[in-house]
Amino acid sequence: MTAIIKRTFPIDPAQLLPAITPDNEPFWSALTKGHLQLQACDGCGKVRYPIAPVCPHCGGNEWKWRQMSGEGTVFSFARFHRSYLPEFEDLMPYVVASVELAEGVRIFGRLVGRDVKPQIGQPVRLVIEEWPDGRCVAAFELV
Amino acid sequence: MNMRGAVSIVGVGSSGLSRSSTETPITMAERAVSMALADAGLERRQIDGLVNQIGSPRGPDYDRAASLLGLEVRFGAQPWSHGRFAATVLQHAAMALTWGLADYVLCLAAYRSSNFGKHGSKERNTYAESLRDGGGPHAETPHTGLTAPSGATALATQRYFHKYGIDPAKLAAIPLAFRRHARLNPGAVMQGELDLDKYLKSRYIIEPLRLLDCSVIVDGAVAMILTRTDRARDCPKAPVKLLGVQGLHAGPNEFIFGLRGLGIDQASVFDEQPRWQDQLVYRMAGVGPKDIGTLHIYDAFSPQLLFVLERFGFCAPGEAADWVQGGRIELGGELPCNTSGGHLSEGQLNGWGQILEIVKQLRGEAGARQIQDLRLAQWATTVGDSIIFGLDA
Ligand SMILES: [Zn+2]
């Protein structure tokens with residue numbers, strides 16, 4: 001079961017999150033139910049991200065949403081020592097990772113926790129951050 | 001149809017760069033345009049094409065630029081309001097000239113950035129673009145905390161260091177070289193002496209990138225006039241010919257500030273090993289990387305030089321960090337790079353300072369920085385756009 005972390009900070013989600021569209025609505029609403037789901041191609045079976053109307057691997061237009069296991073590894077990471085956004089001020093310095101999911105696709109997410117010291121290749125697990133307005137975002141914790 | 005050398009730069013002008021100008025962009029633009037017209041020996045009324053860069057809100061758009069600068073043009077264009085388009089602007093001018101849409105095209109970059117917030121902050125005029133579905137223009141995803149162009153560049157750099165087992169301190173060779181060049185350029189905004197110790201003490205912005213790995217944003221204007229080379233004999237200065245060109249790449253495997261194959265964002269993972277035959281810029285110019293006398297790149301961040309050297313085949317995958325050591329990329333070295341100081345030290349005017357420097361170097365007007373017996377100069381970026389310039393036909 002994926003852990004859900006509540007974050008309390010003053011936020012206008014419209015300033016941090018893409019607008020909900022018919023294309024991305026299933027992705028964002030699954031997160032509020034505790035799942036990370038991405039598009040899987042009917043033609044070649046590959047999972048893709050970001051959300052797109054065509055498979056970048058085989059050109060197929062048919063696909064279904066597939067729930068991810070939430071398991072992955074750190075593909076790369078960067079530690080932010082400069083605060084650009086007030087919503088992240090209390091987390092400084094924080095680490096953003098490119099996570100390679102077990103399903104073979106990469107996604108960006110913050111590594112939760114203070115003073116995290118990730119290594120490339122280290123296993124991570126999905127956590128979901130619930131924001132005060134109810135929207136949820138994918139983040140990761142080191143395993 | 002071989003377009004090699006068909007179009008030339010015949011006049012250049014610059015307002016000068018400033019970290020915080022009190023002048024408006026159109027005033028800076030006019031100074032650069034007057035200088036370029038005088039340099040080209042042309043009358044203002046002869047300009048009949050305009051390709052303008054950056055636009056509102058930081059600078060004039062092409063329509064206001066034309067009307068406020070008194071230009072009656074029959075070909076006008078302006079790319080997206082981002083910095084990556086210097087070569088694209090010149091290429092649009094070249095295409096307009098070869099298709100007869102215009103006879104003298106003014107390429108103009110004029111803008112002021114100092115009165116906008118930091119890149120990555122909500123005060124920046126382009127912040128809303130980072131909320132695009134699929135990410136921002138530099139792979140920003142603000143809800144993860146990944147913001148600012150330096151964010152994904154740091155991810156690319158970290159991965160590159162890991163992939164090839166590189167000591168991060170080797171990056172220092174790049175900002176140090178460019179600062180040495182800037183100290184020979186009175187127009188460069190960063191003049192302080194740099195050494196390895198100062199580099200290693202420079203604070204992290206987004207680790208592994210330090211403050212000294214990041215470019216210095218400036219205000220200013222650069223103007224260049226291009227014409228078909230068969231008309232260039234009327235101009236007083238030696239025409240600087242576009243011998244080879246190659247467009248800006250985009251797609252799932254491209255990341256603006258990274259290297260193909262590093263796997264940033266959704267890109268596939270592979271070793272980027274370009275073949276000369278795959279690279280239009282070399283094929284068109286009839287030369288290879290070994291023939292280039294000076295290389296100029298879009299150095300928003302210092303690792304971009306490593307990425308360009310590998311992407312264009314100056315060295316093998318994973319070798320660039322060693323390749324740049326020992327003065328090789330400095331004046332007097334095998335391949336002097338960004339000899340005016342580049343974005344890191346001359347100032348970040350979206351590559352126009354570097355292209356101006358290429359023109360000066362090829363004309364023999366680079367003063368203390370002059371490279372002797374220079375024949376070919378190349379502009380190249382991490383997303384593949386490139387131009388090879390030279391005086392010879
Ligand atoms: Zn497919």
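Throughout, a chain's letter reflects where its sequence line sits, starting with A, and its residues are numbered from 1.
Between B/L305 and B/D299, the closest side-chain pair of non-hydrogen atoms is not below 4.5 Å.
Between the side chains of B/D219 and B/S21, no donor-acceptor pair of N or O atoms lies under 3.5 Å. A donor-acceptor pair shorter than 3.5 Å cannot be found between the side chains of A/S29 and A/T32.
The residue among B/A139, B/G145, B/P142 with the most heavy atom pairs within less than 4.5 Å of chain A is B/G145. The candidate with the highest count of non-hydrogen atom pairs below 4.5 Å against chain A, out of B/S121, B/G120, B/A156, is B/G120. Of the listed residues B/I206, B/V269, B/L262, the one with more heavy-atom pairs under 4.5 angstrom with chain A than any other is B/I206.
The aromatic rings of B/H138 and B/H82 lie perpendicular to each other, with more than 60° between the two planes, well past the 30° mark. Ring geometry for A/F80 against A/Y94 counts as parallel: the plane angle stays under 30°, on a 0 to 90° scale with 60° as the upper cut.
Using a 4.5 Å cut-off between heavy atoms, A/P86 touches chain B through its side chain atoms alone. Interface remark: A/F88 contributes side-chain atoms only to the contact with chain B (heavy atom separation under 4.5 Å). With a 4.5 angstrom heavy-atom cutoff, A/E100 does not touch chain B via any of its atoms. Heavy atoms of A/A52 lying under 4.5 Å from chain B are absent altogether. A/L85 touches chain B through its side chain: at least one heavy atom from C-beta onward sits under 4.5 Å away, while N, CA, C and O do not.
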